[in-house]
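Counting begins at 1 with the first residue of the sequence. All ligand and atom numbering here is 1-based and tracks the order in the structure.
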Amino acid sequence: MMQNALMPPEPLRAQIARSNVALSLAAAEADMPLIMVNRGFQRLTGFEHAAVIGRNCRFLQDDKTPVHQIAAMSVFLRDDTRDDGRFPVLNRRIDGTGFVNLVFLSKLRDHEGRIRFVIASQFDITTARQAAALAGNDEALIGALDMMRQTVGQFGLAMTDSAGLIARSITTLARFAVRDE
Ligand SMILES: Cc1cc2nc3c(=O)[nH]c(=O)nc-3n(C[C@H](O)[C@H](O)[C@H](O)COP(=O)(O)O)c2cc1C
């Protein structure tokens, strides 16, 4: 099937749009501009689709975001031996409120192993209550990723099975202090 190198397959776009978990997709070119975000992303961050397309997702960070949190994502994206990862990062919504965003990142590769897209999912773990809701979100995220992996496979794109990584996210949380309400 023909596809534009910079355009994700339409069925992938449709699955992202339909999903209840916050999802975003970037092109693996230049500064990794966002190609699309879904309603879950808009609900979480307050940023509308039109306001974020073409921008790198670091607009959610500000000067309070610890540099090591940013560096962890930067190192991961440049490391060709890792295809998926999860990163707690201090972010800011459009209304100025801060939150701890547990960012999931997964690389989509073509037949030649070149990275074409990066799919991301965001989840607020600021408070203990929100962190407790993570397990439910993760179940939905694993389901969404399973469907997307099958879809992109039909378009010659490969995506890692991240279920194990996501299941281990409790370890990520244990290392990261969440606030009591
Ligand atoms: C698809 C995608 C979604 C991302 N989502 C977030 C996010 O929600 N919050 C965040 O702080 N960084 C996010 N990032 C990471 C930043 O865009 C950027 O890669 C990170 O800040 C490290 O790169 P830099 O050092 O060039 O800023 C995302 C990256 C990609 C590719």
Side-chain angles (χ1 to χ4, degrees), residues 5-9 12-13 15-17 19-110 114-126 130-131 134 137-138 140-141 144-145 148-149 151-152 157-160 162 165-166 169 172-173 176 178:
L6 299 179
M7 276 297 288
L12 175 64
R13 296 180 71 100
Q15 276 170 350
I16 291 173
S19 181
N20 287 324
V21 294
L23 294 170
S24 48
L25 185 74
E29 50 151 297
D31 197 30
M32 297 210 170
L34 288 171
I35 299 171
M36 76 174 293
V37 297
N38 71 357
R39 292 170 67 89
F41 180 96
Q42 294 172 47
R43 228 176 3 246
L44 174 64
T45 67
F47 285 92
E48 295 289 330
H49 193 269
V52 306
I53 299 314
R55 297 169 70 186
N56 182 287
C57 207
R58 74 172 74 79
F59 63 82
L60 291 172
Q61 303 160 10
D62 68 5
D63 54 10
K64 291 197 180 63
T65 307
V67 286
H68 73 267
Q69 293 182 348
I70 300 169
M73 293 186 287
S74 177
V75 167
F76 161 80
L77 288 169
R78 282 186 276 111
D79 180 351
D80 209 46
T81 67
R82 292 160 70 201
D83 274 12
D84 60 350
R86 271 197 135 170
F87 309 92
V89 53
L90 186 62
N91 276 176
R92 191 161 293 280
R93 295 185 180 82
I94 199 166
D95 66 5
T97 55
F99 69 106
V100 181
N101 189 356
L102 185 61
V103 180
F104 165 82
L105 295 172
S106 179
K107 299 169 186 172
L108 268 62
R109 294 179 186 268
D110 66 15
R114 276 190 302 252
I115 302 163
R116 291 294 186 194
F117 304 101
V118 179
I119 180 110
S121 186
Q122 290 81 7
F123 190 77
D124 180 359
I125 55 162
T126 309
Q130 283 151 341
L134 182 63
N137 180 78
D138 282 358
L141 175 57
L145 292 170
M148 290 191 275
R149 192 175 327 99
T151 299
V152 298
L157 294 167
M159 191 175 156
T160 299
S162 302
L165 168 84
I166 291 167
S169 66
T172 311
L173 282 177
F176 199 82
V178 288

Pocket residues of ligand 1, ordered first by chain and then by residue number (heavy-atom cut-off under 4.0 Å): S24, A26, M32, N56, C57, R58, L60, Q61, I70, M73, S74, L77, V89, N91, N101, V103, L105, V118, A120, Q122
Any pair counted as side-chain hydrogen bond (donor to acceptor under 3.5 Å, both in side chains), so long as it reaches residues 97-109, sequence neighbours left out: D80-R109, D83-R109, N91-N101, R93-T97, D95-T97
More than 12 heavy atoms of other residues, nucleotides or ligands under 6.0 Å from CZ of R149: yes or no? yes
Quick one: ring pair (Phe, Tyr, Trp, His ring centres under 6.0 Å) pairs with a partner in residues 21-40, sequence neighbours left out? none
Pair up each side-chain donor or acceptor in residues 42-51 with any protein partner under 3.5 Å, not counting sequence neighbours, and list the distances.
from, atom 1, to, atom 2, distance (Å)
T45, OG1, F41, O, 2.9
T45, OG1, F47, N, 3.1

Contact between M73 and R58 at the side-chain level, heavy atoms closer than 4.5 Å - yes or no? no
Are any of the side-chain nitrogens in R86 or D138 under 4.0 Å away from the carboxylate oxygens of its partner? yes
